[in-house]
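Reviewing the structure listed below.
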Protein chains: 2
Amino acid sequence: MGNAPKHRQAILEAAVRLFRQQGYAATGLSEILAASGAPKGSLYYYFPNGKAEIGLAAIELAAEKVAATLSALAANGARPEKIVARYLDMVGNWMRQSAYADGSPITTIVLEMASRDDKIREAAADAFRRWAAILEHAAVEHGCEPTQAAETARVTIALIEGALIQCRVRRSVDPLSEAAAQVKILFRETDLRRRCGHSC
Amino acid sequence: MGNAPKHRQAILEAAVRLFRQQGYAATGLSEILAASGAPKGSLYYYFPNGKAEIGLAAIELAAEKVAATLSALAANGARPEKIVARYLDMVGNWMRQSAYADGSPITTIVLEMASRDDKIREAAADAFRRWAAILEHAAVEHGCEPTQAAETARVTIALIEGALIQCRVRRSVDPLSEAAAQVKILFRETDLRRRCGHSC
DNA sequence: CGTATTATGGCGACCGGTCTATATGCGATC
DNA sequence: GATCGCATATAGACCGGTCGCCATAATACG
């Protein structure tokens with residue numbers, strides 16, 4: 001990581017931003033280079049496999065950043081719904097700042113490439129798994145039954161992705177707060193099911 | 001509708017399928033023509049505004065088909081969670097048949113174009129609104145408080161979109177059944193809130 | 001000073017969407 | 001009946017931009 005030359009990181013961060021905003025196919029390599037300030041020839045030196053390698057690396061970088069953010073929010077032993085609420089609050093601010101151009105950092109490229117590039121598909125699956133694992137762990141820490149906690153965590157990730165789509169389409173952050181409210185209900189329900197058997 | 005010449009519909013349906021599987025930018029007009037069997041010159045005769053017009057029409061067609069399916073499932077006065085469960089069951093079969101290539105018919109192109117083409121963005125917003133309205137109506141019919149029903153319906157649509165993404169990435173229909181289970185919880189909770197004030 | 005590694009600019013083949021010019025069918029008119 | 005005109009329908013060619021690679025320059029090092 002630290003041994004990565006200077007321009008490589010600039011290219012990757014520009015790629016993450018552009019892929020997130022307009023997708024993989026619509027983003028030209030020249031556009032990435034212009035945004036990153038890196039010289040043209042550097043691209044195939046740092047990424048010998050071309051665009052596909054950049055796409056994969058961009059997903060891994062974005063996945064890592066989200067995981068780090070979630071981990072930070074989970075560090076002080078917060079309840080899972082609180083982690084989600086805080087995260088969605090942050091994301092909402094980013095969306096407003098970008099005029100609703102930024103969505104999920106990986107969804108767009110994943111939908112384009114899921115059927116075409118297995119490496120990208122698996123990297124995305126890994127990302128979603130890692131994010132859900134953080135929520136799952138927090139839920140279990142707070143006493144939820146492990147199997148139920150895992151399922152609720154996975155659904156929560158899906159709900160967040162869906163809410164981000166709605167935000168871009170409606171140019172509003174309302175879907176995020178609505179999602180946060182429902183996530184709260186889901187985790188509370190998961191908790192109740194542990195305590196009193198099934199449903200109250 | 002019925003006055004639409006024969007090839008126009010073929011082009012549109014091919015476009016819907018290809019846009020759904022690989023996105024807007026990655027799909028070439030020549031690819032659409034090859035898949036539809038329509039001659040090359042017909043494209044700019046039926047769609048004078050070019051690719052953008054095809055994209056918009058494809059979204060509207062896909063949105064209409066989903067709305068029709070949901071309406072059919074809601075016709076006999078089923079509960080909203082039942083509508084969702086039945087719909088997700090159908091979608092799961094389609095996904096298996098396409099080897100997890102088909103996802104949401106509009107999400108991919110919407111994420112690519114939301115920041116670039118307002119017409120497409122608004123068409124997508126309209127589609128989501130219509131789908132949610134069907135669920136909302138069913139919920140209200142079954143006694144849910146209108147405001148709560150609307151919110152739960154919107155969140156349900158978001159959750160479905162998110163679950164479809166997970167299916168493509170994980171090559172599995174499990175996310176759909178998990179989503180259906182949670183949707184059931186959400187609508188039941190919406191119902192309870194009506195009956196006993198807040199939470200049980 | 002020579003060699004290996006790092007880093008880069010430019011070139012070529014190719015494919016994209018777009019448009020203009022042409023064919024085909026058919027009813028009206030002389 | 002022949003010709004004209006119009007709407008429908010189509011094929012081909014254009015221009016621009018794309019990705020990918022190679023020849024070359026700058027740097028580090030023995």
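Order of the sequence lines fixes the chain letters, A, B, ..., with proteins taken first and strands second; residue numbering starts at 1 for each chain.
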Rounded off to whole Å, could you give me the [atom1]-to-[atom2] distance for the [X] and [N] pair?
X	N	atom1	atom2	value
A/Lys6	C/dA7	NZ	C1'	15 Å
B/Phe47	D/dA9	CZ	P	13 Å
A/Lys51	D/dG17	NZ	P	16 Å
A/Ile54	D/dT18	CD1	P	14 Å
A/Glu31	D/dG16	CD	P	19 Å
A/Leu43	D/dT18	CG	P	13 Å
A/Tyr46	D/dC19	OH	P	20 Å
B/Ile32	C/dC15	CD1	P	17 Å

What's the separation between atom [atom1] in [X] and atom [atom2] in [Y], rounded to the nearest 0.5 Å?
X	Y	atom1	atom2	result
A/Lys119	A/Asn49	NZ	CG	9.5 Å
B/Glu151	B/Thr156	CD	OG1	10.0 Å
B/Leu43	B/Arg8	CG	CZ	10.5 Å

It should be established whether [X] places a side-chain nitrogen or oxygen under 4.0 Å from OP1 or OP2 of nucleotide [N].
X	N	result
B/Tyr45	D/dT8	yes
B/Lys40	D/dA11	no
A/His7	C/dT8	yes
A/Ser30	D/dG17	no
B/Ser42	D/dT10	yes

Worksheet item: Are side-chain N/O atoms of B/Gln166 and B/Glu178 paired as donor and acceptor at under 3.5 Å?
Response: no
Worksheet item: Side chains of B/Ser104 and B/Glu161: donor-acceptor distance under 3.5 Å anywhere?
Response: yes
Item to complete: Among C/dG9, C/dT18, C/dA7, find the nucleotide with the atom closest to the side chain of B/Tyr44.
Response: C/dT18
Worksheet item: Start at the 5' end of DNA chain D and walk down; is the nucleotide closest to B/Gly41 or to A/Pro48 reached first?
Response: B/Gly41
